[in-house]
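Here is the structure we will look at, set down as structure tokens.
Predicted model only: the values in this text are computed from it and were never measured. As a basis for the values below, the full set of heavy atoms in this structure was taken, side chains included, without hydrogen atoms, waters or symmetry mates. To find a chain, count down the sequence lines: A is the first, B the second, and so on, and within it residues start at 1.
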Protein chains: 2
Amino acid sequence: MPVPKKSQPKLADVARLASVSEATVSVVLNGRVGKHARVSEATQERIWNVVRELGYVADPAAKTLAGGSSMILAVFTFETIFPIEHRNFYYPFLVGIEQEARTQGYDLLLLTSINQAQMGRHIYQNGRNRLQLADGAILLGAENNKQEVLTLLEDRYPFVFVGRRESPNDNISYAGADYVQAAVEIVNHLFDHHHQKIAYIATMNIKESSRDREAGVRLAHQQKGNPLAANLIWRGTADQLMLEKLTAFMQMGVTAFIAEDDLLGNRILQLAEGAGWQCPRDFSLAVLGDPLSLSEPAHTWTTFKIPRQAMGREAVRLLMQMLSENDREREAPYRSMLPCTFVPGISVANAPNP
Amino acid sequence: MPVPKKSQPKLADVARLASVSEATVSVVLNGRVGKHARVSEATQERIWNVVRELGYVADPAAKTLAGGSSMILAVFTFETIFPIEHRNFYYPFLVGIEQEARTQGYDLLLLTSINQAQMGRHIYQNGRNRLQLADGAILLGAENNKQEVLTLLEDRYPFVFVGRRESPNDNISYAGADYVQAAVEIVNHLFDHHHQKIAYIATMNIKESSRDREAGVRLAHQQKGNPLAANLIWRGTADQLMLEKLTAFMQMGVTAFIAEDDLLGNRILQLAEGAGWQCPRDFSLAVLGDPLSLSEPAHTWTTFKIPRQAMGREAVRLLMQMLSENDREREAPYRSMLPCTFVPGISVANAPNP
DNA sequence: ATCTTTTGATAAATCGCTTTATCAGATGGT
DNA sequence: ACCATCTGATAAAGCGATTTATCAAAAGAT
């Protein structure tokens with residue numbers, strides 16, 4: 001029983017001091033004048049004065065219960081909310097989300113997916129929406145439970161994803177990064193350095209972000225009139241990638257590698273080093289996006305920067321729009337695609353003359 | 001109006017299906033059997049079955065309003081909650097807090113102090129306690145508004161500080177780190193290396209953490225029968241510290257420096273380098289605590305590690321105790337002091353023979 | 001048999017706020 | 001003068017829980 005309800009002024013106090021009914025105060029304070037009821041200028045003034053004098057602020061719990069807005073935004077990650085391992089990856093999103101939320105006067109309710117016992121703790125915990133208390137939610141991370149997201153959609157609960165997300169009805173709102181365009185730029189950069197045969201070292205992931213990157217790589221090839229051959233693609237995890245594979249690529253005439261993520265990029269460099277190859281000299285390398293591994297970027301390779309902080313902010317902005325939208329029947333999702341920043345590194349050089 | 005109240009089962013549903021009153025269900029679900037009312041084993045069983053079947057979970061807002069517990073913990077920092085600058089400093093606390101909260105089944109409500117317009121956004125915003133919604137709060141960071149904390153105390157709102165905090169009545173609960181003992185160890189380490197005259201380079205801070213460190217430095221000297229002379233202490237910010245001062249210390253016979261924080265430590269090394277001194281050879285250096293500066297530790301100096309994550313966890317544990325304590329009149333604060341870990345570095349060598 | 005105690009459970013008030021439905025009085029048209 | 005409209009505001013019914021006070025039936029005591 002926290003907070004002895006002591007001296008906190010309540011709606012009733014304001015009403016009494018302003019000599020009006022609670023209903024009137026509520027209407028005025030929520031800007032519902034003219035909608036739910038009519039209130040004269042004079043009365044409004046009087047109410048606001050009392051509010052200021054008392055320092056009245058509505059109790060969020062009561063507000064929520066009564067169907068009002070709680071000025072709370074939920075942030076749901078499908079991992080632990082403060083992942084130690086992916087600290088460098090998630091932190092900027094969170095910073096962006098928090099900044100914008102704060103700007104808009106919202107507080108953040110953090111909800112995590114996994115509890116220590118490895119039991120899933122989900123959005124729908126025991127069937128009840130844990131996000132309920134909040135006005136809306138920002139979803140973050142690689143969700144492992146699409147079903148929950150769909151249910152959320154069905155329930156018309158307002159939420160925005162950070163990162164592009166697909167769904168059967170294509171109606172998920174999100175603030176994403178334009179990996180397609182970013183990948184195109186990377187490939188073009190390699191083309192500009194006269195690389196003809198580029199091997200694409202990809203993950204096995206079927207995540208949207210993964211597919212977008214691949215789409216970009218393919219698109220750039222097509223635009224060049226040089227479609228990406230199937231045998232130039234390798235898929236797997238970093239420790240599955242072996243030197244033989246790289247050697248095979250080189251023998252096929254490959255002069256540059258594109259790694260989908262930094263784990264693969266590191267692996268390539270590691271294998272190459274073992275074989276005595278030097279990076280920009282014997283082969284070029286580009287990586288699709290800044291690192292998600294534990295450490296700070298060790299190599300200054302050619303890559304692009306994901307606008308994580310901006311994505312966080314944008315997601316909150318979209319959510320705000322969604323919430324203020326009075327057209328409750330709107331079907332169109334709210335979306336933004338933010339550009340990535342090309343980062344030239346020292347891992348790309350001109351292809352050797354044939 | 002988030003979440004169409006649609007299909008979420010409510011207390012009434014459970015009651016109806018179990019053929020009991022709402023009151024009984026509430027009593028059972030909150031473990032108040034025998035306290036508020038008596039309920040037979042059979043009935044309890046029946047209720048739990050319905051609850052499981054329906055997947056019923058209480059609405060946090062309603063729970064809060066009715067005076068129950070919301071299973072939400074507020075985390076209030078007196079800075080932005082995701083400070084970019086002090087990322088390395090704050091993150092571990094947050095991780096610890098979140099871990100333990102999750103373990104206990106609590107969610108986290110993040111509240112920050114400062115909004116973008118530099119207007120203070122405080123615990124008591126407009127006189128209303130923003131923490132209200134939560135069952136209790138963890139307070140974090142260097143508070144600039146002692147008054148708020150005192151008001152919180154008066155209101156008997158349950159909260160625990162991360163880091164030792166003093167107050168007029170000495171009744172603040174906290175999970176702190178034992179800087180005194182840690183500082184003692186550092187000084188003894190220097191003594192063991194035959195350093196007799198040690199200069200203490202301190203901040204101007206009057207924070208508890210700052211005073212504890214100084215207390216430790218003094219204590220170790222006294223235990224050695226060699227009280228710390230006033231003229232061996234320097235106070236100021238890193239950029240106020242000049243080479244002359246260090247030179248003066250050296251001429252007084254100082255063979256080792258203790259820097260209160262890493263900013264001062266870095267400054268000493270920087271000045272020394274300019275003067276052509278080498279660190280372990282010409283003087284020894286120890287730093288009281290791991291870095292709070294932006295970058296990862298650049299130097300492997302002798303210092304101690306603050307158990308930040310553990311402090312976060314412990315703070316939550318203390319808060320849990322506080323909340324479960326039914327003796328509402330308890331006056332004694334809940335406290336823990338966690339030990340720091342001594343980290344030997346390469347910045348301490350034996351003092352030159354006199 | 002009668003009175004007291006224990007057991008098991010409920011009715012109803014509350015928490016603080018939102019919203020729907022309703023209403024009295026002022027205004028206006030004819 | 002009379003009916004229709006507009007204005008300004010309120011009463012009251014929730015929202016989904018918790019908790020206090022109360023009560024009937026069963027068990028125990030004498």
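Atom pair Lys35(B):NZ and dG8(C):C1' shows a separation of 19 Å (rounding to whole Å applied). Taking atom CG of Leu29(B) as the reference point, atom P of dT19(D) lies 13 Å away to the nearest angstrom. In this structure, CG of Asp59(A) is placed 19 Å from P of dC15(D), rounded to the nearest angstrom. Across the protein-nucleic acid pair, Ile47(A) atom CD1 and dT18(C) atom P stand 12 Å apart, rounded to whole Å. Whole-Å rounding puts the Met71(A) CE to dC17(C) C1' distance at 16 Å. For the pair Asp13(A) CG and dG16(C) C1', the interatomic distance rounds to 11 Å; values are reported in whole Å. Between Glu22(B) atom CD and dA21(D) atom P there is a gap of 20 Å when expressed in whole angstrom units. Remark: C1' of dC15(D) and CG of Leu11(B) are 13 Å apart, rounded to the nearest angstrom.
Distance alone, capped at 3.5 Å, is enough to place a donor-acceptor pair between the Asp135(A) side chain and the Met71(A) backbone. Proximity of a side-chain donor or acceptor of Asp59(A) to a complementary backbone N or O of Ala61(A) within less than 3.5 Å is detected. For Arg335(A) (side chain) and Ile172(A) (main-chain N/O), a donor-acceptor pair under 3.5 Å exists by modelled atom type. Not a single donor-acceptor pair under 3.5 Å links the side chain of Glu100(A) to the backbone N or O of Arg317(A).
In this model, the phosphate group of dC17(C) is not approached by any side-chain N or O of Lys63(A) to a distance below 4.0 Å at OP1 or OP2. Here Arg32(A) does not reach the OP1 or OP2 of dT18(C): none of its side-chain N or O atoms lies under 4.0 Å away. OP1 or OP2 of dC17(C) has not a single side-chain nitrogen or oxygen of Asn30(A) nearer than 4.0 Å.
Within residues 36-45 of chain B, the residues that have a heavy atom under 4.0 Å from DNA chain C are, in order of number, Ala37(B), Arg38(B), Val39(B), Ser40(B), Thr43(B).
In the displayed structure, Glu53(A) atom CD is contacted under 6.0 Å by at most 12 heavy atoms of other residues, nucleotides or ligands.
The shortest side-chain heavy-atom distance between Leu338(B) and Glu314(B) falls under the 4.5 Å cut-off. Counting heavy atoms from C-beta on, the side chains of Tyr106(A) and Leu323(A) come closer than 4.5 Å.
At its two ends the helix from dA1(C)-dT30(D) to dT30(C)-dA1(D) runs along axes set 50° apart, each axis drawn from five pairs and the angle rounded to 10°.
Nearest nucleotide to the side chain of Ala62(A), out of dT19(C), dG16(C), dA17(D): dG16(C). Of the candidates dA17(D), dA11(C), dG14(D), dA17(D) carries the atom nearest the Ala66(B) side chain, counting heavy atoms from C-beta on. With distances taken from any side-chain atom of Ser26(A) to the nucleotides dC17(C), dT19(D), dT18(C), the minimum falls on dT18(C).
Toward the 5′ end of DNA chain C lies the nearest nucleotide of Val20(B), the other residue of the pair Val20(B) and Thr24(A) mapping further downstream.
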Could you walk me through whether Arg46(A) and Asn49(A) pass side-chain hydrogen bond (donor to acceptor under 3.5 Å, both in side chains), step by step?
CA-CA 5 Å; Arg46(A) 194 147 33 90; Asn49(A) 284 337; over 6 Å; no
If you apply the rule side chain to side chain contact (heavy atoms under 4.5 Å, CB included), what do you find for Phe161(B) with Leu140(B), and how did you get there?
CA-CA 6 Å; Phe161(B) 246 108; Leu140(B) 195 57; over 6 Å; no
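Residues Asp13(B) and Lys10(B) are not paired through a salt bridge, judged by the lack of any N-O separation under 4.0 Å between the basic side chain and the carboxylate.
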